[in-house]
Amino acid sequence: MTLSHSTTAEKPSLAGMTRAQIGDALRALGLPEREIRMRVSQLWHWIYFRGARGFDEMLNVSKTLRVTLNGAFDLRLPEIVEEQISIDGTRKWLLRLPSTGPQDKGAEVECVYIPESDRGTLCVSSQVGCTLTCTFCHTGTQKLVRNLTTAEIVGQLLVARQRLGDFPGRERPTDGLVPAGEGVRAVSNIVFMGMGEPLYNVENVMAAIEIMADGDGLSLSKRRITVSTSGVVPQIERLGSECGPALAISLHAVRDELRNELVPLNRKYRIKELLQACRDYPGASNARRITFEYVMLKGVNDSPAEARELVRLLKGVPAKINLIPFNPWPGAPYECSDWETIERFSDIVFNAGYASPVRTPRGRDILAACGQLKSETEKLRARARLAAQDAAE
Ligand code: SAH
Ligand code: SF4
């Protein structure tokens, strides 16, 4: 006897789709062309403005159409398989992405929420893992890599807003810190600083930003959406002219020799070219500065001479500098600079006229800080083994 696996084909999810994709989905259902625009607007409003979880909530859509929609689609989102809340209120979610086909067992990514009193920042992933191998970054050691789809990127924001009660008429969770109050958004800012190199997946990243910034839906200003890149020079201009979010550059070194080692992509695109692309970034101005991220590695890139060189290099670039204390991970080959060293570095940069906030590490206790994200299956297997042992005891 042969056992055949049941293949319950999953219905496509409309949550995360662009307007054009929703339109095509409705056309495929046989809806008349003259209705498509209006129906797309209705669905858009329910999915992205109200955060509807099912078609039955969509009361201005006729009952018959709701039944048809239910039969053909759903509003499935990435699933939170694990939530960790740090003592400082930072949340890290391990998300399982719906399978994209029979070959795909469902990848996993991490997404981090960082609340402050007046804002909430969601750090989203653009890839599962990363093909680049920056030596100080945990994500770079992960083997499995694929690009996320547009819907999977938008899905991270939708999941976060669902979990945080960040849709009209919803309650904030009572555990952990989440900014609240009349008109206060739980998620007010997005940074593409999770797993992956966003500019290696630039089409989907730009499409996702367009959905996130759409005024009839999620409605986040592009000024509050920041794309961080390790320096994929040819895509920087494109990101600026076609989409226009805020830009952050992971610089980390002021000499090519050292940057080649820390950020191997530098062998392809040198510091000089990278900074030229920044000078040319469409929309950059003193009011819309480019952020330069600089991870503080003890004895590696943290001398006063390097701080002075950094200031010299950034002449003519509307810049702010973000000093990031190195966040350690198991087996990391670096240590974080001493506090006095970071302060000295920061003073030099500040005295040259740049804002130079030192980024307070958030969520270190749950390995949610920059560069600590990694969700390889081995780790999960190890966790499952432990859970099984616990259960057996
Ligand atoms: N791939 C993109 C975006 C993700 S990384 C990029 O490299 O810009 C987000 C930021 O975290 C980058 O500036 C990265 O250099 C930094 N980072 C990576 N590992 C880190 C670590 N262990 N400690 C502190 N910052 C780290
Ligand atoms: Fe990739 Fe960014 Fe990590 Fe470098 S720092 S390995 S580009 S995620």
Side-chain angles (χ1 to χ4, degrees), residues 90 92 109-112 114 121-148 153 156 189-202 205 208 225-233 235-236 239 245-253 258-269 274 277-278 290-298 300-302 319-337 342 357-364 366-376:
T90 300
K92 179 167 82 170
V109 287
E110 288 180 329
C111 179
V112 177
I114 307 144
T121 303
L122 189 70
C123 177
V124 297
S125 294
S126 54
Q127 299 184 305
V128 177
C130 186
T131 50
L132 298 169
T133 47
C134 303
T135 45
F136 51 88
C137 175
H138 205 197
T139 307
T141 65
Q142 186 167 330
K143 291 283 173 298
L144 181 77
V145 180
R146 80 160 169 85
N147 279 343
L148 297 190
I153 298 171
Q156 294 170 65
N189 295 61
I190 303 274
V191 292
F192 282 81
M193 294 185 188
M195 297 162 71
E197 169 47 58
L199 296 191
Y200 273 0
N201 186 15
V202 69
V205 165
I225 302 178
T226 302
V227 172
S228 172
T229 179
S230 58
V232 188
V233 167
Q235 304 295 352
I236 292 180
L239 178 77
L247 180 66
I249 302 287
S250 296
L251 192 63
H252 308 316
L258 178 61
R259 195 164 189 271
N260 285 346
E261 196 185 302
L262 300 179
V263 184
L265 185 66
N266 195 71
R267 298 194 188 130
K268 215 161 166 186
Y269 310 113
L274 177 57
C278 292
I290 297 172
T291 305
F292 287 84
E293 298 164 278
Y294 197 96
V295 63
M296 300 299 294
L297 304 171
K298 189 177 196 161
V300 175
N301 64 354
D302 59 356
K320 54 189 174 195
I321 295 164
N322 206 331
L323 301 179
I324 316 174
F326 169 67
N327 291 307
W329 37 272
Y334 301 103
E335 280 177 76
C336 182
S337 309
I342 299 181
V358 179
R359 192 186 294 170
T360 332
R362 298 287 303 265
R364 264 190 178 175
I366 56 169
L367 283 185
C370 299
Q372 293 183 313
L373 304 185
K374 183 171 178 177
S375 65
E376 57 186 345

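Remember, predicted model here, so these are calculated numbers, not experimental data. Read the numbers this way: they start at 1 and go in the same order the structure lists the ligands and their atoms.
- Using a non-hydrogen distance threshold of 4.0 Å, Y334 does not register as a contact of ligand 1.
- Each of the following atoms of ligand 1 lies closer than 4.0 Å to a heavy atom of I324: 24 (C), 25 (N).
- Residue C137 does not count as close to atom 4 (Fe) of ligand 2, with no N, O or S atom under 2.8 Å.
- Between the side chain of N189 and the backbone N or O of L122, no donor-acceptor pair lies under 3.5 Å.
- Proximity of C130 to ligand 2, defined as any heavy-atom pair under 4.0 Å, is confined to the side chain (atoms from C-beta onward).
- Every atom of ligand 1 with a heavy atom of E293 under 4.0 Å away is listed here by number and element: 10 (C), 12 (C), 13 (O).
- Residue contacts with ligand 1 for F192 involve N, CA, C or O but no side-chain atom from C-beta outward (heavy atoms, distance under 4.0 Å).
- Among all heavy-atom pairs drawn from I225 and P245, the shortest one is O-CB, 3.4 Å.
- Near S230, meaning under 4.0 Å from one of its heavy atoms, ligand 2 places the atoms 7 (S).
- Interface of E197 with ligand 1, defined as ligand atoms under 4.0 Å from a residue heavy atom, comprises 1 (N), 2 (C).
- Heavy-atom proximity to T229, at under 4.0 Å, picks out these atoms of ligand 1: 6 (C), 8 (O).
- With a 4.5 Å cut-off on side-chain heavy atoms, T139 and C130 count as touching.
- Note: an N/O pair closer than 3.5 Å links S250 and ligand 1 by distance alone.
- At least one N or O atom of F136, backbone or side chain, sits closer than 3.5 Å to an N or O atom of ligand 1.
- Contact atoms of ligand 2 toward L132: 6 (S), 7 (S) (distance under 4.0 Å to a heavy atom of the residue).
- In plain terms, the two heavy atoms of G129 and V145 that are nearest each other are C-CG2, 4.2 Å.
- Taking the side chain as every heavy atom from C-beta outward, M193 and E293 approach each other to under 4.5 Å.
- Ring geometry for W329 against H138 counts as parallel: the plane angle stays under 30°, on a 0 to 90° scale with 60° as the upper cut.
- Side-chain N or O atoms of T291 include none that pairs as donor or acceptor with a backbone N or O of A248 at under 3.5 Å.
- Side chain to side chain, D302 and S337 meet the donor-acceptor criterion of an N or O pair below 3.5 Å.
- Panel note: side chain R259, backbone A253; no donor-acceptor pair is recorded below 3.5 Å.
- Using a 4.0 Å heavy-atom cutoff, G196 is listed among the residues neighbouring ligand 1.
- If you look at N327 next to ligand 1, the close heavy atoms, those under 4.0 Å, come from the backbone and the side chain alike.
- For the side-chain contact (heavy atoms from CB on, under 4.5 Å) criterion with N301, the lone passing option out of Y294, Y334, F136 is Y294.
- Using modelled atom types, one side-chain atom of Q156 and one backbone atom of S125 make a donor-acceptor pair closer than 3.5 Å.
- Of all the heavy atoms of I249, none lies under 4.0 Å from any atom of ligand 1, so neither backbone nor side chain is involved.
- Here is the list of ligand 1 atoms found below 4.0 Å of a heavy atom in W329: 22 (N).
- H252 counts as a contact of ligand 1, since one of its heavy atoms falls under 4.0 Å from the ligand.
- Remark: ligand 1 atoms within the under-4.0 Å shell around heavy atoms of C137 are 18 (C), 19 (N).
- Side-chain contact, E197 with T229: a donor N or O sits under 3.5 Å from an acceptor N or O.
- Under a 4.0 Å heavy-atom criterion, G194 is in contact with ligand 1.
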